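Keep in mind that what you see is a predicted model, and the values were worked out from it rather than measured.
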Amino acid sequence: MTFTYHDVRTWNSGALESAAATVKARKDKIIGLQDELNLAFGPVYWHGDAATAAQTKLAALVDRAEHVVAEAGTVLRTLHDSADALTALRHEVENTDSTAASNQFTISAQGDVVDERPPDAQDTPESLHQRARLRAELTEAVGRILRAAHEVDAVLNSALTKAEQAQISDGGATSLAEADVSNKTKDGRYRIGPPDRPDIKFDEDFVYDSKESTAGDHLDKAKWLAKLRGAQALGMMPDGTEMYEHYWKNTGEPKEFDYEKAYRDDSGIRQGVDSEITRAAAAAEELIRSGNTNFPMTGQASVAQPYPTTENWQKAVGGYQVWSHSNVRVEGNKVTMEITVKAEDRYNFNRGQADIATGAGDNENGRFTEIGWAKPFDTHGTITRTVTWEVGHSPGGPTGEPGDDREPRGSGRDRGPTPDNPRERR
């Protein structure tokens, strides 16, 4: 599309928001037809060629409906993104025009910068140079605005063209709601919907009750239980010893740890929780920009970072997975997110690894699993918070930013380079 600087001055983000509202209403109406489509085939006892033909036709209709929802969702998200971009562009145009006017320059409809100040006998080479430099800066600003405008136009035009030509995939969706890309963040990590526990895999290096015990094993058991009782008597590492005690109970039953206490005690765990809240808030903000105002949200799991800093919590949870689910509502310009952060882990040991604080090898405790005296178990913890912010200003900061991609190192009881403790073997 060919347009001028004057055209960009007249662009209205409100028109895009209005179009987005229309697209959303029609998309939601199609999604509301899911139950009718599910029941559209007819009696279950219908068989034969006619039934097969009807079923094939219905399947094609459902597939096309899923693609239409995907197309509408893509256009909807692009309309909102474009509206946001136009709002920013409008501010830049206004600032550029204001700077020009206050310095006696005008910017033509085509974007040419014209110096309207009459010649002055008192002009010096330096003042003329400064004026020429300001004109060059205004020219560059106009060029930057037009480049950004062309990019917005190209992105929106591409989405509309792909939707019109049925070139947008439904991503293998098996329902209309699943096909709606506007109900997911662009990275796919968060989506609108009720809490849905991610599929988290844990490692297990030592096979339970797979070997016979020896006399040396009995001596090792006495040694480790003495260490446990000694630490308990001294009140050392209460959460770590509680988990180790449960390991020796040999039931394998899941156990909850006090995530709130861990948050208070350990700066690494605290930063991991704050990072997940920050990620979820940014995801909520993205879904709000797609026109959603009152919705549940669930996310995928990731490695909590950084690693716990205290020996107590290194031994109690070590490296673990974190995910969250939330309820988000928008009232005017205020966003309220009630978020539940979930920590999940498996208490076990990893072959060839060692404790951070003591250097004791994991093989010693893993051996107790192999001879059936102590059993690994799943652990979990929960924290709930209420976070509020103004639309467009989701929370974040030095303690709330997501961690980097480096893998955490070290463990109170080493547990290997797998999702529950993704570290390199040493």
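A 4.5 Å side-chain heavy-atom check between Leu138 and Val142 finds every atom pair outside the cut-off. Counting heavy atoms from C-beta outward, Arg367 and Thr214 have side chains that approach closer than 4.5 Å. Contact annotation: the side chain of Ile277 approaches that of Val387 to within less than 4.5 Å [non-hydrogen atoms, C-beta and beyond]. For the pair Glu370/Tyr208, no side-chain contact is recorded, criterion being any heavy-atom separation below 4.5 Å from C-beta on. Ser302 is listed as a side-chain neighbour of Arg279, based on a closest heavy-atom distance under 4.5 Å. In this structure, Asp378 and Asp345 have side chains that are not in contact, with every pair of non-hydrogen atoms separated by 4.5 Å or more. Looking at Val330 and Asn294, their side chains never come closer than 4.5 Å, going by heavy atoms from C-beta outward. Side chains of Asp266 and Gln314 form no contact here, defined as non-hydrogen atoms less than 4.5 Å apart.
Ser98 and Asn95 share no donor-acceptor pair across their side chains, judged by distance under 3.5 Å alone. Defined by atom type and a distance below 3.5 Å, a donor-acceptor pair is missing between the side-chain atoms of Asn183 and Tyr190. Gln271 and Ser275 form no side-chain donor-acceptor contact under 3.5 Å, judged by distance and modelled atom types alone. Using modelled atom types, one finds a donor on one side chain and an acceptor on the other under 3.5 Å when comparing Gln232 with Arg229. Checked by atom type, the side-chain pair Thr87/Asp84 shows no donor-acceptor distance below 3.5 Å. Side-chain polar atoms of Tyr320 and Tyr259 form a donor-acceptor pair below 3.5 angstrom.
The main-chain N or O of Thr74 is found under 3.5 Å from a side-chain atom of Thr78 such that the two form a donor-acceptor pair. For Asn348 (side chain) and Asp203 (main-chain N/O), a donor-acceptor pair under 3.5 Å exists by modelled atom type. Of the possible donor and acceptor atoms, none in the side chain of Arg329 sits under 3.5 Å from a partner among the backbone N and O of Val335. No donor-acceptor distance shorter than 3.5 angstrom exists from the side chain of His380 to the backbone of Ala343, with no hydrogens or angles considered. With hydrogens and angles disregarded, no donor-acceptor distance shorter than 3.5 Å links the side chain of Arg270 to the backbone of Ala262. The main-chain N or O of Asn365 is found under 3.5 Å from a side-chain atom of Tyr247 such that the two form a donor-acceptor pair. At distances below 3.5 Å, not a single donor-acceptor pair connects side-chain atoms of Ser326 with backbone N or O atoms of Val328. Looking only at distances, a side-chain donor or acceptor of Ser210 sits under 3.5 Å from a matching main-chain atom of Val207. Between the side chain of Ser18 and the main chain of Gly14, no donor-acceptor pair closer than 3.5 Å is present. One N or O on the side chain of Asp7 and one on the backbone of Thr4 form a donor-acceptor pair closer than 3.5 Å.
A salt bridge links Arg90 to Glu94: one of the charged nitrogens lies within less than 4.0 Å of a carboxylate oxygen. Salt bridge present: Asp199 and Lys201 bring a charged side-chain N and a carboxylate O closer than 4.0 Å. The residues Lys223 and Glu364 are annotated as salt-bridged, a charged nitrogen and a carboxylate oxygen being separated by less than 4.0 angstrom. Ion pairing between a basic and an acidic side chain is recognised when a charged N comes within 4.0 Å of a carboxylate O; Asp81 and Lys186 show such pairing.
Remark: Arg64 engages His67, Val68, Glu71, Ala166 in a side-chain contact (heavy atoms from CB on, under 4.5 Å) (not counting sequence neighbours). Considering only residues two or more places apart in sequence or on other chains, His325 meets the ring pair (Phe, Tyr, Trp, His ring centres under 6.0 Å) condition with Trp323. With sequence neighbours left out, Arg135 forms a side-chain hydrogen bond (donor to acceptor under 3.5 Å, both in side chains) with no residue at all.
Relative orientation of the His246 and Phe377 rings is perpendicular, given thresholds of 30° and 60° on the angle between their planes. A perpendicular orientation is assigned to the rings of Phe349 and Tyr244, their planes being inclined by more than 60° (bins at 30° and 60°).
Closest approach of Val303 to Val322, counting heavy atoms only: C-CG1, 4.4 Å. In this structure, Gly319 and Tyr307 approach most closely via the heavy-atom pair N-CE1, 3.1 Å. Closest of all the heavy-atom pairs between Ala149 and Val8 is CB-CG2, 3.8 Å. Contact detail for Pro308 and Ile269: the closest heavy-atom pair is CG-CG1, 4.0 Å.
By the 6.0 Å and 45° rule, Arg385 stacks over the aromatic ring of Tyr263. Taking the ring centre of Tyr347 as origin, the terminal cationic atom of Lys255 falls outside the region bounded by 6.0 Å and 45° from the ring axis. For the pair Lys221 and Trp373, the cation-pi criterion (under 6.0 Å, within 45° of the ring axis) is fulfilled.
Taking the six-membered ring for Trp, Phe3 and His150 have ring centres closer than 6.0 Å.
Applying the 6.0 Å contact sphere to CD of Glu151 captures no more than 12 heavy atoms from other residues, nucleotides or ligands. Environment of CZ in Arg26: sparse, with no more than 12 heavy atoms of neighbouring residues, nucleotides or ligands closer than 6.0 Å.
The side-chain hydrogen bond (donor to acceptor under 3.5 Å, both in side chains) test with Arg191 is passed by exactly one of Thr185, Thr298, Asp196: Asp196.
Interatomic distance, Ser290 OG to Lys24 NZ, rounded to the nearest 0.5 Å: 9.5 Å. Distance CD/Glu66 to CG/Leu61: 10.0 Å, rounded to 0.5 Å. Atom CD of Glu137 and atom OG1 of Thr99 lie 9.5 Å apart (nearest 0.5 Å).
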Worked check of salt bridge (charged side-chain N to carboxylate O under 4.0 Å, His left out) between Asp239 and Lys315: CA-CA 8 Å; Asp239 303 283; Lys315 284 179 162 57; over 6 Å; no
Test side chain to side chain contact (heavy atoms under 4.5 Å, CB included) on Ile192 and Lys184; report intermediate values, then the result. CA-CA 6 Å; Ile192 291 177; Lys184 309 180 187 77; over 6 Å; no
Does the side chain to side chain contact (heavy atoms under 4.5 Å, CB included) test come out yes or no for Met236 and Glu311, once each step is laid out? CA-CA 10 Å; Met236 297 170 60; Glu311 185 178 359; over 6 Å; no
Evaluate the criterion salt bridge (charged side-chain N to carboxylate O under 4.0 Å, His left out) for residue pair Glu253 and Lys375; output intermediate values, then yes/no. CA-CA 9 Å; Glu253 294 179 355; Lys375 198 168 190 177; over 6 Å; no
Derivation and outcome, side chain to side chain contact (heavy atoms under 4.5 Å, CB included), residues Trp389 and Glu285: CA-CA 10 Å; Trp389 67 90; Glu285 185 74 31; 2.8 Å; yes
Trace of the side-chain hydrogen bond (donor to acceptor under 3.5 Å, both in side chains) decision for Thr174 with Glu178: CA-CA 7 Å; Thr174 57; Glu178 188 180 344; 2.9 Å; yes
Evaluate side chain to side chain contact (heavy atoms under 4.5 Å, CB included) for Lys342 paired with Thr382, printing each intermediate quantity in order. CA-CA 5 Å; Lys342 299 275 192 176; Thr382 300; 3.6 Å; yes
